[in-house]
Q: 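Here it is, the structure, as C-alpha cells.
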Number of protein chains: 2
Amino acid sequence: MGTKGDNNRTRIVEAADQLFYKRGYNQTSFSDIADITGIPRGNFYYYFKTKDDILAAVVEARVKHYAEALLECENSSERPRERLLAFIDIMGSSEDTVVESGCPIGSLCAELAKDTDALQSKSREVFELLRDWMGKQFGEIGFADANDKAMDLLARMQGTAVIACTFKDNDYLNRSIGDLKSWVNSLTLS
Amino acid sequence: MGTKGDNNRTRIVEAADQLFYKRGYNQTSFSDIADITGIPRGNFYYYFKTKDDILAAVVEARVKHYAEALLECENSSERPRERLLAFIDIMGSSEDTVVESGCPIGSLCAELAKDTDALQSKSREVFELLRDWMGKQFGEIGFADANDKAMDLLARMQGTAVIACTFKDNDYLNRSIGDLKSWVNSLTLS
DNA sequence: ACATTAGTCATACGACCGTCTAATATTTCA
DNA sequence: TGAAATATTAGACGGTCGTATGACTAATGT
C-alpha cells in the first residue's frame, strides 16, 4: 500500500501537472517542482528515473482525469448529441485558465511535437481518448463519418483555445464555444 | 550599407527562424544557431543584445514575409472571397512542415503564451497582421461581423494545424483545408 | 531484537545555458 | 597612409539544468 511514499509521488505528479500546463514541459525544472512540493530535488530520482518518467505519470493522471470527465458527460444525458455539448461546456467552465495558458492537452502536444518522438506520442494519448469518445458519440447519432466529425470538433476546440489564449480574449472564447455548440446541434444526417 | 555585417545578421535571423519553428524558442540555443550558420556564439552579442532581441528580429522578418504573401493573395483576385481561399491554400502548400511542426505562427504563440508578457505580445504581431487582413477581406464581401469571421477562420486554421501535427495526419490536413474553403465559399450575407 | 526494505536528504557531477569582455582583424575614408 | 569605426573571435563568467550517489532515518516483518 505505501502511505508516505505514494503520497509524495502523487504530490510530485500533481505539481508537475500544474507546472507543465502553466509554464510548459521544457520550462519546468526539478527545482520548480521541489519548491512547490517541499520535496528535495535529489529525492525525485527515488520516484522517477528521468524527467520523461514524470511526464508519463502526468499524462496517465490526465488520461484518468479526462476519462472520468467523459463518464460524467456520458451520464449527463441519454442523447449523444447532448453529451457532446456537455463536453464542450467543460472548456467554458475553464474559461480563465484557457485564456491564460491555452488548452492543457493541446498546448502540451504542440510543445512536445518539437521534442522527441517518445514524448510526442506519450502526450498524444489524452487526445486519442477524447477523439475516440467523440467518435463514439457521433457514431451513436448515426453519422457514417463519425471519426471525421470527431477530428473536426477536436480541431475547432483547439483552434478556439489557441486564438483565445493568444489574444487574451474571453469574449471570443465564449462566443466561439456558443458557435461550436450551435454547430453540433445543427449537424444533420445526410 | 554594410555588406558583411548585414549578411551575418540576416543569416542569424534566418537560422533562428527555422530553429524556432522546428524546435521551439526555448529549446533553441545560441550554440544551435552558431552550428548552423558557422558564426561563433560570441559574435551574436555584437548583433543582438539578448535572445529576446533575436526573437524580435525573427518576428519582424515573419511579419514582412507574410505581408508579402498577403499582397500576393490580394493580387491573385479582384474578389475578396477568392483572396481568402488563396490564403488558405498557403497552408496546403506547406503540408509536410505543418504536419511535422505545426503552424509556425500558432506554435510560437502557444509556446510564448507561457513565457513573459513581452515575448508573448511580440509573437502575437504576426497573428494581428493576418487577422486584420482577413477582417478587411470579409468586410469587403459585406459582412457586418467581419472581424468575428476573421477570428473564426484564424481559429479553424489553427485547430487544423494542431490536430494534423499531433496526429501526424496529412489526410486530415488536406480534408480540413478543403472543408475550410467550402465554408468560406458557403458563407452568405444575412 | 534484528535484518531488510522504504523513504529522505544534502550534495556533487558534467554539460550546457545566455551573457559579456578584451583582444584582434578588417574596412572605411579623411 | 594612418587613424577611427566596424566587424570578428575565442574564451570565461556565474548560473541552472537533469542526473546520480552515498549516507542517513523510519518502518516493517520475523
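Every chain is numbered from 1 and lettered A, B, ... according to where its sequence line falls, protein lines coming before strand lines. Remember, predicted model here, so these are calculated numbers, not experimental data.
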Q: Please work out which residues in residues 22-37 of chain A have a non-hydrogen atom less than 4.0 Å from an atom of DNA chain D and list them by number.
A: Thr28(A), Ser29(A), Phe30(A), Ser31(A)
Q: What is the separation between atom OH on Tyr45(A) and atom C1' on dG7(C), rounded to the nearest whole Å?
A: 16 Å
Q: Does anything in residues 50-60 of chain A reach DNA chain D, meaning a heavy atom under 4.0 Å, and if so which residues?
A: Thr50(A), Lys51(A)
Q: State, without any angle test, whether Asp52(A) and Tyr25(A) hold a side-chain donor-acceptor pair at a distance under 3.5 Å.
A: yes
Q: Do we get Lys22(B) above Phe20(B)'s six-membered ring, with its NZ or CZ under 6.0 Å from the centre and within 45° of the axis?
A: no
Q: Determine whether more than 12 heavy atoms belonging to other residues, nucleotides or ligands lie under 6.0 Å from atom CD of Glu72(B).
A: no
Q: Could you tell me which residues satisfy side chain to side chain contact (heavy atoms under 4.5 Å, CB included) with Asp169(A), sequence neighbours excluded, listed by chain and number?
A: Phe167(A), Asp171(A), Tyr172(A), Met151(B)
Q: Starting from C1' on dG18(D), measure out to CZ on Phe20(A) and report it in whole angstrom.
A: 12 Å
Q: How far does CG of Asn75(A) sit from CZ of Arg83(A), to the nearest 0.5 angstrom?
A: 8.0 Å
Q: May I have the distance from Lys49(B) (atom NZ) to dG18(C) (atom P), rounded to whole angstrom?
A: 17 Å
Q: When the distance from CG of Asn43(B) to P of dT19(C) is rounded to whole Å, what number comes out?
A: 15 Å
Q: Verify whether one side chain among Asn170(B) and Glu95(B) offers a donor that lies under 3.5 Å from an acceptor in the other.
A: yes
Q: First locate atom CG of Leu129(B), then atom CZ of Arg62(B), and finally report the distance between them rounded to the nearest 0.5 Å.
A: 13.0 Å
Q: Would one find a side-chain N or O of Tyr46(B) under 4.0 angstrom from OP1 or OP2 of dA7(D)?
A: yes
Q: Ring of Phe138(A), cation from Lys149(A) - is the NZ or CZ under 6.0 Å from the centre and inside 45° of the axis?
A: no
Q: Rounded to whole Å, please give me the gap between CG in Asn8(A) and P in dA27(D).
A: 13 Å
Q: Atom CZ of Arg41(B) to atom P of dA12(D): distance rounded to whole Å?
A: 11 Å
Q: Taking Ser107(B)'s backbone N and O only, do any of them form a donor-acceptor pair with Tyr21(B)'s side chain (distance below 3.5 Å, no angle check)?
A: no
Q: Using atom CZ of Phe48(A) as one end and atom C1' of dG7(C) as the other, report the distance to the nearest whole Å.
A: 14 Å
Q: Measure CZ/Phe44(B) against P/dA10(D) and give the value in whole Å, please.
A: 12 Å
